[in-house]
Trainee: 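Following this message is one structure expressed as structure tokens.
Given the structure is predicted, the values throughout are model-derived calculations rather than measurements.
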Amino acid sequence: MKIQLTSVFVDDQAHALRFYTETLGFVKKHDVPVGSGGDRWLTVVSPEVPDGTELLLEPSGHPAVGPYRTALAQDGIPAASFAVDDVRAEYERLRGLGVHFTQEPMEMGPVTTAVLDDTCGNLIQIMQGQ
């Protein structure tokens with residue numbers, strides 16, 4: 001068994017695609033219209049592992065999504081976590097692109113983390129180590 005797909009809920013799929021590709025550096029894998037409401041099956045992957053786990057940029061229209069994401073954000077809980085080689089370098093790169101961080105790089109034992117706002121309604125953790 002392996003993880004093939006995971007998702008984050010996003011307010012606007014087009015905006016999310018730009019942020020996750022142009023800012024974070026992922027690449028688009030699938031972009032398929034779903035239904036008549038304009039939603040898409042929209043996934044991105046790491047350019048380092050193009051056949052690896054896909055991240056679905058899932059529309060946030062379900063009524064349960066708003067309260068769920070609000071509670072996570074209020075408690076500072078990331079919706080997803082991405083591995084990077086150097087958290088401090090990635091933090092500086094992303095800050096230079098205007099990304100807002102809610103947690104600066106912090107060492108927690110063998111792991112260093114930082115938390116950013118993805119501009120799509122989620123907190124995202126970047127991590128190094130483990």
Side-chain angles (χ1 to χ4, degrees):
M1 189 177 304
K2 65 180 181 176
I3 298 171
Q4 183 64 35
L5 177 79
T6 190
S7 63
V8 291
F9 292 106
V10 299
D11 300 327
D12 177 315
Q13 286 184 299
H15 173 78
L17 180 61
R18 283 189 304 276
F19 181 82
Y20 277 80
T21 57
E22 296 173 14
T23 304
L24 296 185
F26 291 103
V27 294
K28 181 171 61 172
K29 175 98 180 208
H30 296 288
D31 188 352
V32 180
V34 178
S36 59
D39 291 338
R40 299 143 62 184
W41 181 262
L42 183 58
T43 67
V44 296
V45 295
S46 167
E48 297 172 20
V49 190
D51 292 323
T53 304
E54 295 178 48
L55 178 66
L56 174 63
L57 304 175
E58 188 161 358
S60 63
H62 189 280
V65 173
Y68 167 75
R69 288 196 315 168
T70 298
L72 288 179
Q74 286 176 343
D75 290 343
I77 300 171
S81 183
F82 305 139
V84 297
D85 292 331
D86 184 333
V87 165
R88 292 181 197 290
E90 193 66 10
Y91 170 81
E92 293 300 331
R93 181 186 80 81
L94 292 172
R95 280 194 58 215
L97 294 172
V99 174
H100 170 72
F101 279 79
T102 61
Q103 176 200 305
E104 294 182 3
M106 179 170 58
E107 292 182 17
M108 297 185 292
V111 177
T112 303
T113 66
V115 178
L116 62 95
D117 179 339
D118 76 351
T119 73
C120 305
N122 305 291
L123 296 178
I124 301 295
Q125 177 176 265
I126 57 173
M127 64 181 290
Q128 162 194 347
Q130 197 166 341

Trainee: Restricting to non-hydrogen atoms, name the atom on Leu24 and the atom on Glu90 that form the minimum distance, rounded to 0.1 Å.
Mentor: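 Leu24 and Glu90 have their closest heavy atoms at O-OE2, 4.5 Å.
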Trainee: Can you get from Val99 to Leu55 by hopping between Ile, Leu, Val, Met, Phe, Trp and Tyr side chains that sit under 4.5 Å apart?
Mentor: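 Yes; Leu55 is reachable from Val99 via cluster members.
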Trainee: What pair of heavy atoms forms the shortest contact from Val45 to Thr53, and how long is it?
Mentor: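 For Val45 versus Thr53, the nearest heavy atoms are CG1-O, 3.8 Å.
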Trainee: Is any side-chain heavy atom of Leu5 closer than 4.5 Å to one of His30?
Mentor: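 Contact flag for His30/Leu5 side chains = no.
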Trainee: Step by step, work out the side chain to side chain contact (heavy atoms under 4.5 Å, CB included) result for His15 and Val10.
Mentor: CA-CA 9 Å; His15 173 78; Val10 299; over 6 Å; no
Trainee: Could you tell me the separation between the OH atom of Tyr91 and the CD atom of Gln128, rounded to the nearest 0.5 Å?
Mentor: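 If I round to the nearest 0.5 Å, the distance is 15.0 Å.
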Trainee: Considering residues at least two apart in sequence or located in another chain, which fulfil the ring-ring contact (aromatic ring centres under 6.0 Å, His included) criterion with Phe19?
Mentor: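 With neighbours one apart ignored, the set is empty.
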Trainee: If you round to the nearest 0.5 Å, how far is OG1 of Thr6 from CG of Leu56?
Mentor: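 One finds 8.5 Å between CG of Leu56 and OG1 of Thr6.
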Trainee: Inspect the surroundings of CD in Glu104 and state if more than 12 heavy atoms from other residues, nucleotides or ligands are less than 6.0 Å away.
Mentor: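 For Glu104, atom CD is not crowded (no more than 12 foreign heavy atoms under 6.0 Å).
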Trainee: Are Leu94 and Val115 connected in a single hydrophobic cluster, I mean Ile/Leu/Val/Met/Phe/Trp/Tyr linked by side-chain heavy atoms less than 4.5 Å apart?
Mentor: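 They do not share one cluster, since no chain of ILVMFWY contacts under 4.5 Å joins Val115 to Leu94.
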Trainee: Mind checking whether Tyr20 and Ile124 have side chains closer than 4.5 Å, heavy atoms only?
Mentor: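 Tyr20 vs Ile124: side chains touch.
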Trainee: Any chance you could measure Gln4, atom CD, to Asp51, atom CG, to the nearest 0.5 Å?
Mentor: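 Answer for the CD-CG pair, Gln4 versus Asp51, is 9.0 Å.
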Trainee: Please say whether more than 12 non-hydrogen atoms of neighbouring residues, nucleotides or ligands are located less than 6.0 Å from CZ in Arg88.
Mentor: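 It does: Arg88 CZ has more than 12 such atoms within range.
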Trainee: Please find the pair of heavy atoms, one from Val8 and one from Ala80, that lie closest to each other, and give the distance.
Mentor: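 Residues Val8 and Ala80, closest heavy atoms: CG1-CB, 3.9 Å.
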Trainee: Honestly curious: do Phe101 and Val84 fall in one hydrophobic cluster under the side-chain, below-4.5 Å linking rule?
Mentor: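 They do share one cluster, since a chain of ILVMFWY contacts under 4.5 Å joins Phe101 to Val84.
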Trainee: Quick check: are there more than 12 heavy atoms from other residues, nucleotides or ligands sitting under 6.0 Å from CG of Asp85?
Mentor: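 Incorrect, the count does not exceed 12.
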Trainee: Would you check if the side chain of Gln13 reaches a backbone N or O of Leu57 as a donor-acceptor pair within less than 3.5 Å?
Mentor: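 Confirmed, Gln13 side chain pairs with Leu57 backbone.
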Trainee: Nearest 0.5 Å, what's the CD1-CG distance between Ile77 and Asn122?
Mentor: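 Taking CD1 in Ile77 and CG in Asn122, the distance rounds to 12.5 Å.
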Trainee: I'd like to know if Leu123 and Phe9 are part of one continuous hydrophobic network [Ile/Leu/Val/Met/Phe/Trp/Tyr, side-chain heavy atoms within less than 4.5 Å].
Mentor: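 They do not share one cluster, since no chain of ILVMFWY contacts under 4.5 Å joins Phe9 to Leu123.
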Trainee: I need the Asp86 CG to Ile126 CD1 distance, nearest 0.5 Å.
Mentor: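 Reported to 0.5 Å precision, the distance equals 9.0 Å.
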Trainee: Show your working on side chain to side chain contact (heavy atoms under 4.5 Å, CB included) between His100 and Thr102 and close with a plain yes or no.
Mentor: CA-CA 7 Å; His100 170 72; Thr102 61; 3.9 Å; yes
Trainee: Under 4.5 Å between side-chain heavy atoms, hopping through other hydrophobics if needed: is there a path connecting Leu17 to Phe82?
Mentor: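 Shared cluster, yes.
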Trainee: Does the Gln125 side chain pair with the main chain of Thr113, one donor and one acceptor, at a distance under 3.5 Å?
Mentor: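 Absent.
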Trainee: Which atoms form the tightest heavy-atom contact between Cys120 and Asp118, and what is the distance?
Mentor: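 Scanning both residues, the minimum pair turns out to be N-OD1, 2.7 Å.
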Trainee: Would you indicate whether Leu97, at its atom CG, is surrounded by more than 12 heavy atoms from other residues, nucleotides or ligands within a distance under 6.0 Å?
Mentor: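 Counting other residues, nucleotides and ligands, CG of Leu97 exceeds 12 neighbours.
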Trainee: Minimum heavy-atom separation for Val44 to Lys28, with atom names?
Mentor: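 Closest pair (atom of Val44, atom of Lys28, distance): CG1-CA, 4.2 Å.
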Trainee: State the CH2-NZ distance between Trp41 and Lys29, to the nearest 0.5 angstrom.
Mentor: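 With rounding to 0.5 Å, CH2 (Trp41) is 12.5 Å from NZ (Lys29).
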Trainee: Can you give me the closest heavy-atom contact between Glu58 and Ser7, atom names plus distance?
Mentor: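 Smallest heavy-atom distance, with atoms named: OE1-OG, 3.2 Å.
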